[in-house]
Amino acid sequence: MAKPMVVEIPHELGREEARRRIDEGTLKVRDALGRSGISINTLNWTGDRLDYSVTALAQTVDGQIDVGQDMVRVEVRMPLLLSMFAQTIQQIVGKEGNKLLLTKK
């Protein structure tokens, strides 16, 4: 495995609302990814930590999302083969995370 990629996303929602939005967002993502051939193997909450695992093109990526009072930390562990896409993945995670956590509802 390559070095884990970490994205930290600040927010002003408080822990409870941030977790609710992430939980809601994972349901939408599951449907979208399924249509594109990416399967979500696990999504397990333990307290304010979401452990996840996804598989695409016979490669498994896993990690966790830690929800804090004013920051969400996303860690992604990917096989060395996929690590060449780390910068692109980091940008996407940051952009989508900001939309999810900074947009007023």
Side-chain angles (χ1 to χ4, degrees):
M1 285 263 177
K3 181 180 172 186
M5 180 195 72
V6 175
V7 178
E8 292 183 339
I9 306 165
H11 66 84
E12 297 177 353
L13 301 171
R15 187 182 320 261
E16 220 173 276
E17 177 63 11
R19 182 180 169 179
R20 186 192 68 74
R21 289 189 186 195
I22 291 168
D23 201 31
E24 207 173 78
T26 57
L27 295 175
K28 293 176 186 174
V29 168
R30 180 182 293 243
D31 293 339
L33 291 179
R35 288 190 299 272
S36 63
I38 300 171
S39 61
I40 295 178
N41 306 321
T42 58
L43 286 174
N44 295 320
W45 283 102
T46 304
D48 292 319
R49 170 177 278 187
L50 175 63
D51 294 301
Y52 66 88
S53 171
V54 299
T55 301
L57 303 171
Q59 300 291 311
T60 300
V61 174
D62 67 359
Q64 64 266 344
I65 301 171
D66 291 300
V67 181
Q69 188 63 23
D70 59 1
M71 177 84 61
V72 170
R73 182 181 183 276
V74 180
E75 183 172 314
V76 181
R77 293 181 297 272
M78 62 190 87
L80 195 55
L81 179 66
L82 294 179
S83 65
M84 68 178 110
F85 300 108
Q87 186 174 15
T88 301
I89 293 169
Q90 190 171 25
Q91 290 172 347
I92 292 168
V93 168
K95 179 183 170 193
E96 295 303 314
N98 278 325
K99 282 198 305 192
L100 185 67
L101 297 171
L102 296 179
T103 305
K104 298 287 182 196
K105 290 196 175 186

Self-check item: Worked verdict on Lys99 versus Glu96 for salt bridge (charged side-chain N to carboxylate O under 4.0 Å, His left out)
Solution: CA-CA 5 Å; Lys99 282 198 305 192; Glu96 295 303 314; 3.3 Å; yes
If hydrophobic clusters are built from ILVMFWY residues whose side chains come within less than 4.5 Å, do [X] and [Y] share one?
X: Ile92; Y: Val74; value: no
X: Val29; Y: Trp45; value: yes
X: Val6; Y: Leu101; value: no

Shortest non-hydrogen contact between [X] and [Y], atoms and distance:
X: Val67; Y: Ala18; value: CG1-CB, 3.8 Å
X: Glu17; Y: Leu13; value: CB-O, 3.5 Å
X: Ile38; Y: Ala56; value: CG1-CB, 3.7 Å
X: His11; Y: Val72; value: CD2-CG2, 3.7 Å
X: Glu75; Y: Tyr52; value: O-OH, 2.7 Å

Exercise. For Gln59, look at atom CD and say whether over 12 heavy atoms of other residues, nucleotides or ligands are found less than 6.0 Å away.
Key: yes
Practice problem: Report yes or no: does Thr42 contribute a side-chain atom to a donor-acceptor pair with the main-chain N or O of Ser53 at less than 3.5 Å? | Solution: yes
Quiz prompt | Side chain Arg19, main chain Gly47, donor-acceptor under 3.5 Å | solution = yes
When rounded to the nearest 0.5 angstrom, what is the spacing between [atom1] in [X] and [atom2] in [Y]?
X: Asp62; Y: Met78; atom1: CG; atom2: CE; answer: 10.0 Å
X: Asp23; Y: Leu43; atom1: CG; atom2: CG; answer: 8.5 Å
X: Asp70; Y: Ile9; atom1: CG; atom2: CD1; answer: 13.0 Å

Self-check item: Option passing salt bridge (charged side-chain N to carboxylate O under 4.0 Å, His left out) with Asp48 (candidates Arg20, Arg73, Arg15)
Solution: Arg15
Quiz item: Can you find a pair of side-chain heavy atoms, one from Val61 and one from Pro79, that are under 4.5 Å apart?
Solution: yes
Practice problem: Could you give me the CA-CA distance, side-chain angles and deciding distance for Arg77 and Gln64, then say whether side chain to side chain contact (heavy atoms under 4.5 Å, CB included) is met? | Solution: CA-CA 9 Å; Arg77 293 181 297 272; Gln64 64 266 344; 3.2 Å; yes
